[in-house]
Amino acid sequence: MIRKAVLPVAGFGTRCLPATKAIPKEMITIVDRPVIQYVVQEAVTAGIHDIVLVTHGSKSAIENHFDKHFELEATLEAKGKYDLLEELRSIVPEDVNIISIRQSEPLGLGHAVLCARPIIGDDEPFAVLLPDVLVDDTGLSRNDLAGMLEAFDRTGHAQLMVEEVPHDMVYKYGIVDTRGELPAPSESCQMAGVVEKPDIDEAPSNLAVIGRYALPGRIFPLLAETPPGAGNEIQLTDAIESLRVQEGVDAWRMRGKTYDCGHQLGYLEAILAYGRRHARYGEGFRELLTRYAGGE
């Protein structure tokens with residue numbers, strides 16, 4: 001089973017400016033914790049033990065968030081704030097490692113993943129989780145990432161997590177071509193490629209790639225040989241296409257729901273979804289929603 005995950009967090013978050021001018025986009029909060037913490041927890045819940053952050057010198061706040069803060073913990077303990085203390089200590093379970101490596105230049109997602117090669121190696125499979133997308137698995141017996149990793153373990157094929165989107169919205173996404181096959185939720189099927197932001201009438205399906213991948217270590221040599229593409233960046237999708245031609249790649253259909261927190265409306269929707277059911281603030285938040293829905 002896959003036990004390592006790569007989280008590319010070196011980007012500048014230009015879609016979220018001006019909020020991200022001085023704060024990493026991954027540190028913007030959803031209710032009471034940053035987006036990146038939800039994504040790390042998703043990985044941990046799926047059985048991941050090593051989290052590789054591909055980061056940048058301006059993103060030290062992310063590394064600090066997952067590091068131990070001895071002075072703060074000592075202060076909380078001295079003041080008897082044991083609930084808060086336990087909450088801080090549980091951000092990273094004891095059996096989980098947070099590993100950082102720098103991406104020296106913004107050369108694309110493919111390059112960011114390639115930066116993790118010295119840590120992962122060419123012989124071990126791994127997951128990639130884009131940290132500006134939240135996958136909400138509330139009410140499911142296991143999270144979608146765990147299901148996709150199990151599919152990789154069972155088939156040996158790279159897996160791309162996909163979500164069914166309305167047909168009139170396909171132009172916003174990378175859409176997989178499954179030759180007319182629609183896998184059931186929690187199932188995968190072989191794909192014939194990915195079409196980036198197709199016209200509505202030309203989309204091969206309505207299954208959108210959402211930023212979760214299960215990949216073999218063999219992707220690294222392919223990334224190293226991938227020439228720059230759109231935007232003069234090394235594209236992960238180009239290397240995945242090479243892998244697909246060589247040995248096949250599957251599209252794994254998720255059951256949960258995604259929130260694109262790299263976009264303002266997606267971020268606000270995530271706050272609504274997570275805030276309404278929050279154990280501590282949910283009741284008060286629902287009252288606020290009712291009040292503002294009434295125009296008060």
Side-chain angles (χ1 to χ4, degrees), residues 2 5-8 39 42 46 108-110 112-113 125-137 140 143-216 218-219 222-223 226 229-231 233-260 262-263 266:
I2 291 175
V6 175
L7 277 61
V39 178
E42 175 193 351
L109 176 58
V113 173
F126 63 102
V128 175
L129 287 73
L130 301 192
D132 50 4
V133 175
L134 290 186
V135 176
D136 187 356
D137 300 298
L140 302 181
N143 73 6
D144 279 318
L145 182 61
M148 185 181 71
L149 299 186
E150 192 278 331
F152 177 93
D153 192 50
R154 183 179 68 253
T155 65
H157 288 174
Q159 305 284 323
L160 275 63
M161 191 180 294
V162 296
E163 178 180 35
E164 192 172 16
V165 299
H167 280 281
D168 60 355
M169 301 293 283
V170 294
Y171 68 94
K172 293 185 174 183
Y173 303 94
I175 300 295
V176 299
D177 181 358
T178 56
R179 294 192 175 96
E181 184 177 354
L182 180 65
S186 274
E187 297 292 339
S188 61
C189 69
Q190 195 166 49
M191 56 180 241
V194 178
V195 181
E196 288 295 333
K197 299 181 179 180
D199 292 336
I200 294 174
D201 295 334
E202 298 177 358
S205 75
N206 67 330
L207 296 175
V209 180
I210 61 95
R212 299 293 185 271
Y213 310 84
L215 301 170
R218 296 184 297 281
I219 196 74
L222 297 176
L223 281 169
T226 300
E233 297 180 340
I234 297 174
Q235 302 296 329
L236 178 61
T237 51
D238 290 345
I240 290 175
E241 173 61 15
S242 297
L243 185 70
R244 185 195 68 79
V245 171
Q246 290 182 9
E247 57 187 62
V249 173
D250 292 349
W252 191 91
R253 185 179 169 192
M254 63 183 298
R255 296 177 296 166
K257 178 176 174 55
T258 62
Y259 300 100
D260 181 5
H263 184 275

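In this structure, Arg212 and Val39 have side chains that are in contact, with non-hydrogen atoms separated by less than 4.5 Å. You'll find the side chain of Ser186 reaches within 4.5 Å of the side chain of Trp252, heavy atoms only. The closest side-chain heavy-atom distance from Ile2 to Asp153 is not below 4.5 Å. Taking the side chain as every heavy atom from C-beta outward, Leu215 and Phe126 approach each other to under 4.5 Å.
Minimum heavy-atom separation, Gly193 to Arg244: N-CD, 3.7 Å. In this structure, Glu247 and Pro216 approach most closely via the heavy-atom pair OE2-CG, 4.3 Å. Taking all atoms of both residues into account, the shortest heavy-atom contact from Leu207 to Arg253 is CD2-CD, 4.5 Å. Of all non-hydrogen atoms in Val249 and Ile240, the two that sit nearest each other are CG2-O, 3.9 Å. The nearest pair of heavy atoms linking Asn143 to Ala46 is OD1-CB, 3.7 Å. Nearest heavy atoms, Val170 versus Ile200: CG2-CA, 3.9 Å.
One N or O on the side chain of Asp137 and one on the backbone of Asp144 form a donor-acceptor pair closer than 3.5 Å.
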Worksheet item: What's the verdict on side-chain contact (heavy atoms from CB on, under 4.5 Å) for Ser205 and Val176, showing C-alpha distance, side-chain angles and the deciding distance?
Response: CA-CA 7 Å; Ser205 75; Val176 299; 4.1 Å; yes
Practice prompt. Please report the C-alpha distance between Leu129 and Leu145 in whole Å, then the side-chain angles of each, then the deciding distance to 0.1 Å, and finally whether the side-chain contact (heavy atoms from CB on, under 4.5 Å) criterion is met.
Written response: CA-CA 9 Å; Leu129 287 73; Leu145 182 61; 3.9 Å; yes
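Annotation: the span from Glu202 atom CD to Ile175 atom CD1 amounts to 13.0 Å, rounded to 0.5 Å. Between atom NZ of residue Lys257 and atom CG of residue Leu134 there is a gap of 11.5 Å, rounded to the nearest 0.5 Å. The structure places CG of Leu160 at 11.0 Å from OG of Ser188, a figure rounded to the nearest 0.5 Å. A distance of 13.5 Å separates OH in Tyr213 from CD in Gln159, rounded to the nearest 0.5 Å. Rounding to the nearest 0.5 Å places CZ of Phe152 at 12.0 Å from CD of Glu150. Note that CD of Glu187 and CZ of Arg255 are 10.0 Å apart. Values are rounded to the nearest 0.5 Å.
Environment of CG in Asp168: crowded, with over 12 heavy atoms of neighbouring residues, nucleotides or ligands closer than 6.0 Å.
A side chain to side chain contact (heavy atoms under 4.5 Å, CB included) with Leu236 is found for exactly one of Leu222, Leu223, Thr226, Leu130, namely Leu223.
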